[in-house]
Amino acid sequence: RIKQAILETMHPDILPLMPTLEEFTNLIELDRQLHELNGFVVFLQTSSLDLSCARKVFDEILSIPPYRDNATFIQYLSSDAAIISNSSFDNAVVKILDLNENLLSESEKTAVTKFLLDNNINDLVDSDDEIELTHVEKLKRRLKKPRMIVKGYLVFVN
């Protein structure tokens, strides 16, 4: 009777736009997934979030069944995504922040060498190589932002 009452009061052009039961069920599931993803998005906007933590969030998203088999999620959130301009640098930063600098590959070492503090520069490059600080690096060292040293790397703290 409810269906009949709806059909009688509804404009005929609206009926084809109404979802079927299967479509409605899919919409409910999509809504649930969007709410779940929104929780991750809100967390990613945390100001104290570093690259290592963001990587862990992306890995967590990719471990959830609806997303782990989704090519678009993999394309943008995986650690080797094509949108990452320098994956060696990203991977090196994550390893350093996780205190796993001993696992750095040669390309990762090269990518972060210029950020290494002078007293530990020989850990990553030959002593014959000279590394000159860029203007940006000099400015970072002069900034009065709180900073700390993590395994020889200068890390700026928010």
Side-chain angles (χ1 to χ4, degrees), residues 19-158:
T20 64
L21 180 58
E22 182 181 347
E23 291 169 334
F24 181 74
T25 304
N26 288 338
L27 288 171
I28 295 295
E29 176 58 20
L30 286 173
D31 183 61
R32 186 197 64 74
Q33 290 176 16
L34 285 174
H35 281 287
E36 182 176 55
L37 286 174
N38 188 56
F40 286 112
V41 170
V42 169
F43 181 71
L44 286 167
Q45 294 174 26
T46 306
S47 64
S48 62
L49 193 73
D50 63 27
L51 185 60
S52 174
C53 190
R55 172 75 62 82
K56 288 175 177 70
V57 170
F58 292 155
D59 290 345
E60 178 66 23
I61 292 170
L62 290 175
S63 73
I64 300 171
Y67 317 116
R68 75 170 159 227
D69 300 322
N70 185 305
T72 302
F73 279 91
I74 294 168
Q75 177 183 357
Y76 290 103
L77 300 182
S78 66
S79 60
D80 60 348
I83 63 168
I84 298 174
S85 62
N86 188 339
S87 60
S88 292
F89 178 80
D90 277 19
N91 291 333
V93 170
V94 169
K95 288 177 183 176
I96 292 166
L97 289 172
D98 289 343
L99 303 177
N100 290 321
E101 72 286 344
N102 57 319
L103 302 177
L104 290 172
S105 69
E106 288 304 315
S107 65
E108 292 165 349
K109 288 178 185 178
T110 302
V112 295
T113 296
K114 62 179 148 184
F115 298 103
L116 189 63
L117 294 177
D118 295 336
N119 61 344
N120 291 325
I121 202 79
N122 293 327
D123 292 349
L124 295 179
V125 295
D126 296 331
S127 55
D128 298 335
D129 295 338
E130 282 195 17
I131 295 180
E132 194 172 306
L133 293 177
T134 66
H135 294 288
V136 174
E137 291 162 341
K138 289 176 187 175
L139 176 63
K140 283 182 181 177
R141 288 185 178 202
R142 288 195 318 263
L143 289 176
K144 298 208 184 285
K145 287 182 77 172
R147 54 190 180 258
M148 62 183 201
I149 298 174
V150 176
K151 297 292 184 174
Y153 293 87
L154 185 62
V155 177
F156 290 90
V157 181
N158 290 334

Practice problem: Please name the pair of heavy atoms, one in S63 and one in R68, separated by the smallest distance, quoted to 0.1 Å. | Solution: O-NH1, 3.2 Å
Practice problem: Write down the atom of L62, the atom of Y67, and the distance for their closest heavy-atom approach. | Solution: CD2-O, 4.2 Å
Exercise. Not counting sequence neighbours, which residues clear salt bridge (charged side-chain N to carboxylate O under 4.0 Å, His left out) with D50? List them please.
Key: none
Quiz prompt | Test item: side-chain donor near acceptor, K56 and S52, under 3.5 Å | solution = yes
Quiz item: At their closest point, which heavy atom of L51 faces which heavy atom of L97, and how far apart are they?
Solution: N-CD1, 4.1 Å
Practice problem: Could you tell me whether E23 atom CD has more than 12 heavy atoms of other residues or ligands within 6.0 Å of it? | Solution: yes
Quiz item: Nearest heavy-atom pair of P19 and F24: which atoms, and what distance?
Solution: CB-N, 4.1 Å
Quiz item: If you round to the nearest 0.5 Å, how far is CG of L21 from CG of N26?
Solution: 9.5 Å
Exercise. Any chance you could measure F58, atom CZ, to L44, atom CG, to the nearest 0.5 Å?
Key: 5.0 Å
Quiz prompt | Straight-line distance of R55 CZ to D98 CG, nearest 0.5 Å | solution = 9.5 Å
Exercise. Check L104 against E108 and note the closest heavy-atom contact, atom names and distance.
Key: CA-OE1, 3.3 Å
Self-check item: Distance (rounded to the nearest 0.5 Å) between N91 CG and I96 CD1
Solution: 11.0 Å
Self-check item: Counterpart residues, side-chain contact (heavy atoms from CB on, under 4.5 Å), relative to T72 (two or more places apart)
Solution: N70, Y76
Self-check item: Heavy-atom check, side chain of F40 versus side chain of L77, under 4.5 Å
Solution: no
Self-check item: Test item: R32 and E29 side chains (from C-beta on) under 4.5 Å apart, heavy atoms
Solution: yes
Quiz prompt | Minimum-distance pair of heavy atoms, taken over all atoms of S79 and S87 | solution = O-CB, 4.4 Å
Quiz item: Do the non-hydrogen side-chain atoms of I64 and E36 ever get within less than 4.5 Å of each other?
Solution: yes
Exercise. State whether the side chain of K95 and the backbone N or O of L103 hold a donor-acceptor pair below 3.5 Å, judged by distance alone.
Key: yes
Quiz item: What pairs with S78 under side-chain hydrogen bond (donor to acceptor under 3.5 Å, both in side chains), at least two apart in sequence or on another chain?
Solution: D80
Practice problem: Decide yes or no for F43 and L49: does some side-chain heavy atom of the first lie under 4.5 Å from some side-chain heavy atom of the second? | Solution: yes
Exercise. For the residue pair L37 and F73, establish whether any side-chain heavy-atom pair is separated by less than 4.5 Å.
Key: yes
